[in-house]
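All remarks here apply to the structure that follows.
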Amino acid sequence: MDCVYKNPNEPIEARVKDLLSRMSLKEKIGQMTQIERRVATPSAITDFSIGSMLSCGGSGPFENAMASDWAEMVDGFQKSALESRLGIPLIYGIDAVHGNNSVYGSTIFPHNIGLGATRDADLAQRIGAATALEVRASGIHYTFAPCVAVCRDPRWGRFYESYSEDTEIVRKMSSIVSGLQGQPPQEHQHGYPFVAGRNKVIACAKHFVGDGGTERGKNEGNTILSYEELERIHMTPYLDCISQGVSTIMVSYSSWNGRKLHSHHYLITEILKEKLGFKGIVISDWMGIDKLIEPRGSEYRNCIKSAVNAGIDMVMVPYRFQLLIEELTSLVESEEVPIARIDDAVERILRVKFASGVFESPLSDRSLLDIVGCKQHREVAREAVRKSLVLLENRKHQSKPFLPLNRKAKRILVAGSHADDLGYQCGGWTKNWQGSGGRITIGTTLLDAIQETVGDETEIIYEKSPSKETLERDDISFAIVAVGEKPYAEKFGDNSTLEIPFNGSSIISSIADKFPTLVILISGRPLVLEPWLLEKINALVAAWLPGTEAQGITDVIFGDHNFTGQLPVTWFRRVEDLDQLANGVKLHDPLFPLGFGLTYAEE
Ligand code: GLC
């Protein structure tokens with residue numbers, strides 16, 4: 001007679017109870033351990049009954065590995081897990097935060113800040129569904145998404161990972177969870193994890209809580225708010241994720257009123273688990289336990305004790321897992337960490353694994369491989385790009401609004417650092433953690449899209465930084481200048497000057513002095529726009545970080561579609577104004593207010 005936990009017809013809670021009762025302390029702590037692929041060995045996975053693995057940004061089988069190569073790799077690790085005494089499958093996680101962005105050839109969707117400009121919950125859900133398919137095609141079960149931060153200060157290096165400064169917009173876009181995991185049935189029990197089978201993934205709402213509200217936007221900094229404001233501004237989106245059956249929630253590196261979230265028993269256990277009724281996995285962030293005390297990793301035993309006792313169920317170690325297992329085992333044996341806390345953590349982990357179906361389908365489904373980067377998904381991404389664009393300025397030229405552009409114009413100058421760079425379009429968390437420039441994957445740059453859109457008679461001159469001769473020509477109909485930020489992630493994106501990089505402003509100035517000019521800004525956040533710049537140019541579009549489908553931009557600037565995007569964040573007038581943002585206050589006298597966005601009907 002097969003044991004209860006192996007029987008998919010048994011209720012999940014019965015399977016959890018049965019399996020837990022069979023586990024040794026070593027196996028329980030092994031399940032609480034998540035390790036990075038570079039330190040994983042078949043024997044460690046099997047002997048320790050490792051519960052989870054991850055690839056940090058870009059940590060794959062090899063450079064430009066395809067989904068099939070990833071599936072081969074993940075299946076290999078999984079087979080080692082299945083050889084453990086109780087055969088508990090592992091769940092493999094990755095930051096698929098705007099498509100399956102580490103895997104070559106995947107569809108790369110606009111980053112969250114652009115999706116926030118769409119305010120389209122249905123689109124978010126469709127993006128989630130497409131992402132889930134491309135993630136599962138690569139053998140991966142789990143994505144550390146969505147980030148439901150409410151970003152309050154553009155100086156924050158993770159501003160673009162947030163949908164908006166407005167809590168209600170973030171709540172609306174959290175619908176991506178039911179795209180990623182599937183829509184729970186009406187009778188689904190509140191707080192329980194839900195994953196609708198092998199075409200869906202385990203999702204992760206992050207980073208709990210207040211990561212987007214730190215002082216001066218400092219990454220991993222301190223959020224100073226009353227509990228009521230913390231709950232109203234930053235915690236509400238978690239209610240929406242939990243009501244959609246989100247399976248995991250990742251704890252923030254940041255602090256609330258000086259207390260680090262990773263050891264915050266009140267917020268993790270009393271609020272998230274007890275008051276909000278969350279029954280899935282609370283996972284630490286990468287080395288989140290090591291970072292509890294500076295220097296990082298010191299007093300590790302005490303940090304493990306406070307983090308696990310605070311309510312963290314799974315530890316994204318990700319490297320020193322033997323030490324974690326040793327210390328946590330010792331803490332349980334000395335009763336500094338109650339076995340009841342371990343059992344709660346393991347119950348949650350097993351609950352998510354049973355709910356996700358990974359016991360029944362532990363290995364990849366190679367029939368999904370053709371779906372990676374498929375036309376349908378790229379069409380969804382193209383639609384998202386269209387809807388994410390925000391028209392900030394559209395002056396009259398020759399007695400009519402400058403946009404839409406004439407696709408039959410005689411000669412168009414295309415210029416700027418971001419006109420022909422797929423990597424810049426995608427931003428951070430693409431191909432690798434920080435992102436990079438160049439033709440990093442399969443996709444369409446703005447220049448590619450312009451070339452595909454204009455008439456056969458139209459000549460395109462492309463110069464990243466136009467020469468003196470070009471600037472002296474008198475036969476150019478108009479210029480399209482794409483400038484913006486280079487890719488970055490996390491603390492490497494913290495920035496207190498927010499100028500347009502790569503001399504963007506001076507390139508704009510030199511071109512706009514000579515020709516009617518459209519400026520397209522490719523950035524993860526509002527940047528400084530000098531008054532003279534707005535005077536000189538004819539039109540300005542905020543395109544955020546659009547990803548691989550830049551035809552979405554030409555669809556709109558050449559008039560096949562209208563602008564519908566609205567600012568998901570306030571556009572500051574001067575960078576000095578940002579210091580007003582302390583304690584949750586909003587900017588007064590902005591350059592462009594939250595919600596601003598012109599259409600072709602307005603000038
Ligand atoms: C990072 C990020 C988190 C990510 C994790 C794994 O440091 O804070 O968002 O999911 O580590 O890459």
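Index from 1, following the sequence. Remember, it's 1-based here, ligands and their atoms both numbered in the order they're listed. All of these numbers come straight from a predicted model, not from anything done at the bench.
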Inset, instruction - Under 4.0 Å from a heavy atom of Lys206: give me the atoms of ligand 1 that qualify, with their elements. - result: 3 (C), 4 (C), 9 (O), 10 (O)
Inset, instruction - Give a yes/no verdict on whether any heavy atom in Tyr253 is under 4.0 Å from an atom of ligand 1. - result: yes
Inset, instruction - With heavy atoms only and a cut-off of under 4.0 Å, state how Arg158 meets ligand 1: side chain, backbone, both or neither. - result: side chain
Legend entry - Contact atoms of ligand 1, heavy-atom distance to Phe144 under 4.0 Å: 10 (O)
Inset, instruction - Check for a donor-acceptor pair, side chain of Glu165 on one end and backbone N or O of Thr570 on the other, with a separation under 3.5 Å. - result: yes
Legend entry - Where ligand 1 meets Glu490 - atom numbers and elements under 4.0 angstrom, heavy-atom basis: 1 (C), 2 (C), 7 (O), 8 (O)
Legend entry - For Leu545, the option from Arg525, Glu485, His111, Glu161 that meets side chain to side chain contact (heavy atoms under 4.5 Å, CB included): His111
Inset, instruction - Assess Glu161 for proximity to ligand 1: is some non-hydrogen atom of it under 4.0 Å away? - result: no
Legend entry - Protein heavy atom at shortest distance from atom 4 (C) of ligand 1: Asp95 OD1, 3.2 Å
Legend entry - Close-contact set for ligand 1 against Met250 heavy atoms, below 4.0 Å: 3 (C), 10 (O)
Inset, instruction - Under 4.0 Å from a heavy atom of Trp286: give me the atoms of ligand 1 that qualify, with their elements. - result: 7 (O), 11 (O)
Legend entry - Any N/O pair His207/ligand 1 closer than 3.5 Å: yes
Inset, instruction - Measure from the side-chain N and O atoms of Ser162 to the backbone N and O of Ser164, and report whether any donor-acceptor pair falls under 3.5 Å. - result: yes
Legend entry - Residue among Lys291, Arg158, Lys491 satisfying salt bridge (charged side-chain N to carboxylate O under 4.0 Å, His left out) with Glu220: Lys291
Inset, instruction - For residues Val195 and Ser247, report the shortest heavy-atom separation together with the two atoms involved. - result: CG2-OG, 3.6 Å
Legend entry - Side-chain H-bond candidate by donor/acceptor type, Tyr238 with Ser174, under 3.5 Å: no
Inset, instruction - In plain terms, say whether Asp211 and Arg152 are close enough for a salt bridge, that is, a side-chain N and a carboxylate O under 4.0 Å apart. - result: no
